[in-house]
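Atoms within a ligand are numbered from 1 in the order they appear, just like the ligands themselves.
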Amino acid sequence: MEKLIYLDNAATTKTAPEVVEAMLPYFTEHYGNPSSVYGFAAANKEVITRQREIIADTLGAKDNEIYFTAGGSESDNWALVATAEAYSAKGKHIITSKIEHHAILHTCEYLEKRGFEITYLDVDEKGIVNLEQLREAVREDTILISVMFANNEIGTIQPIQKIGEIAQEHGILFHTDAVQAFGQVPIDVDVCHIDMLSASGHKLNGPKGIGFLYIRKGVKIRSFIHGGAQERRRRAGTENVPGIVGLGKAVERAAMSMEERTAEERRLRDYLIERIEKEIPYCRLNGDREQRLPNNVNFSFQFIEGESLLIMLDMKKICASSGSACTSGSLDPSHVLLAIGLPHEIAHGSLRLTLGEETTKEDLDYVVDSLKEIVQNLRDMSPLYEDFLKKQK
Ligand SMILES: *Cc1c(COP(=O)(O)O)cnc(C)c1O
């Protein structure tokens, strides 16, 4: 089979052709700086406001609560660092979870070096945060709770509304990294008591390098980039107009197609899970079966290495991701898989397959057929598997 099978949509997605089309005139025709006075350029100001409205509408927010950033990582950094600074007179304690994206975890480490104290909540074997532990972790000096909406590795969706209620009860700000959930799960910032929310364009068929941070009106947050008056003086820099237009288009598409698209993804996801569980022995589904992103499948296969699996899949033109050695090139298994209690050797044999809007059942049949063969071949070479078979006898 020649076709590329892309099942790494949690890493990034294909920019939709309509999104590219919407962006193009803003490079070549409407290239004016939105801060300029003349009409040709100033018209872009309204274009930007329109995109803010489109995004705000999908969240039950107001347009002046949407701040454009360069993506999910920046939004996460901004939410944490600026809140920490702005509220440090009230306290220096922040609560987060052990399974956050590194954009949150490494920012927390940075804040720890600056005198903030961070509580990292445990998750259960499905990856859901412990609400009782959250209640107990709250202190007089807690200023922020930051828990991701849905996990990027195992797809688990958190009880965000309940977390928001606990935050509100105690008068603590609540931030959520919704980079994976936005566009996949309906979100209402008022219902969930969310004060800040991070999202990113390239995870929902939009362009890379653009995202936003929702900041509820009234939240005291410091400016993140100092300079011009853009983004209500909080994030300076000439606006990425083509990116903003692309993001607006991507969000509009995702909101319009959400019900149908996610129903189809869920159907395909469950088909893939069912076939793998039936046809490949000694595997384990990671994450919750119900509270799960519609496009996420994550399995651990005993006796093999996720990295070898990826290389063999790549030879069959299948793009996937493993839960072990990630961008850092380290050989440690993923912090998420360890947090749900997987032993190192099982976590090492993990595979994440994330479906996209173009994924078909035929793609998945080809993937399962390939996977069966590859897993068997790798096991046949595995001393661990040999030992296991010997013990069985
Ligand atoms: C991808 C991702 C990010 C980072 O977003 P970028 O736009 O790539 O910076 C942050 N959090 C989660 C959960 C993600 O999946």
Side-chain angles (χ1 to χ4, degrees), residues 6-15 19 55 66-81 96-110 120-121 123 127-129 146-158 160 163 174-185 187 194 196-214 224-225 235 237 240 242-244 246-248 250-251 254 286-287 291-298 319-323 326-328 334-337 339-340 352-356:
Y6 186 76
L7 290 178
D8 202 15
N9 286 279
T12 196
T13 57
K14 170 175 166 178
T15 312
V19 169
I55 294 166
I66 303 296
Y67 296 81
F68 292 113
T69 66
S73 301
E74 182 185 316
S75 298
D76 284 346
N77 274 255
W78 186 8
L80 263 56
V81 173
T96 187
S97 83
K98 287 190 178 160
I99 62 163
E100 299 295 309
H101 189 271
H102 284 127
I104 294 288
L105 291 178
H106 289 165
T107 306
C108 285
E109 283 168 26
Y110 166 85
Y120 299 90
L121 300 173
V123 294
I128 296 176
V129 293
S146 179
V147 174
M148 71 200 318
F149 209 111
N151 184 266
N152 45 303
E153 291 187 37
I154 56 174
T156 302
I157 300 171
Q158 299 297 334
I160 288 296
I163 298 170
F174 177 35
H175 165 258
T176 186
D177 173 341
V179 173
Q180 290 292 334
F182 185 61
Q184 294 272 27
V185 182
I187 303 176
I194 295 165
M196 289 174 281
L197 175 145
S198 305
S200 176
H202 74 103
K203 302 286 174 85
L204 62 147
N205 303 99
K208 293 171 180 59
I210 184 80
F212 68 87
L213 179 64
Y214 156 79
F224 193 59
I225 296 187
R235 201 271 189 186
N240 173 0
I244 291 169
L247 176 61
V251 171
N286 296 315
Q291 295 307 313
R292 180 178 205 103
L293 286 173
N295 71 337
N296 175 289
V297 173
N298 187 311
C319 308
S321 158
S322 86
C326 56
T327 44
S328 60
S334 122
H335 63 287
V336 177
L337 298 177
I340 61 172
R352 179 185 74 183
L353 301 164
T354 41
L355 285 52

When the ring planes of His335 and His102 are compared, do they come out parallel, tilted or perpendicular, using 30° and 60° as the limits?
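Tilted: the ring planes of His335 and His102 meet at 30° to 60°.
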List the residues meeting salt bridge (charged side-chain N to carboxylate O under 4.0 Å, His left out) with Arg292, not counting sequence neighbours, and say none if there are none.
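With sequence neighbours excluded, Arg292 shows a salt bridge (charged side-chain N to carboxylate O under 4.0 Å, His left out) to no residue whatsoever.
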My understanding is that only residues two or more places apart in sequence, or in another chain, count here; which of them pass salt bridge (charged side-chain N to carboxylate O under 4.0 Å, His left out) with Lys98?
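Here the qualifying residues are Asp122.
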Should Leu7 and Thr354 count as side-chain neighbours, where that means a heavy-atom distance under 4.5 Å?
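Of all side-chain heavy-atom pairs linking Thr354 with Leu7, none is under 4.5 Å.
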When rounded to the nearest 0.5 angstrom, what is the spacing between NE2 in His106 and CD in Glu100?
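With rounding to 0.5 Å, NE2 (His106) is 12.5 Å from CD (Glu100).
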Considering only heavy atoms, which protein residues lie less than 4.0 Å from any atom of ligand 1?
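Answer by chain and number: Gly71, Gly72, Ser73, Asp76, His101, Met148, Asn152, Asp177, Val179, Gln180, Ser200, His202, Lys203.
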Identify, with sequence neighbours excluded, every residue that meets side-chain contact (heavy atoms from CB on, under 4.5 Å) alongside Ala320.
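Per chain and number, Ala320 pairs via side-chain contact (heavy atoms from CB on, under 4.5 Å) with Leu310, Leu313, Leu351, Leu353.
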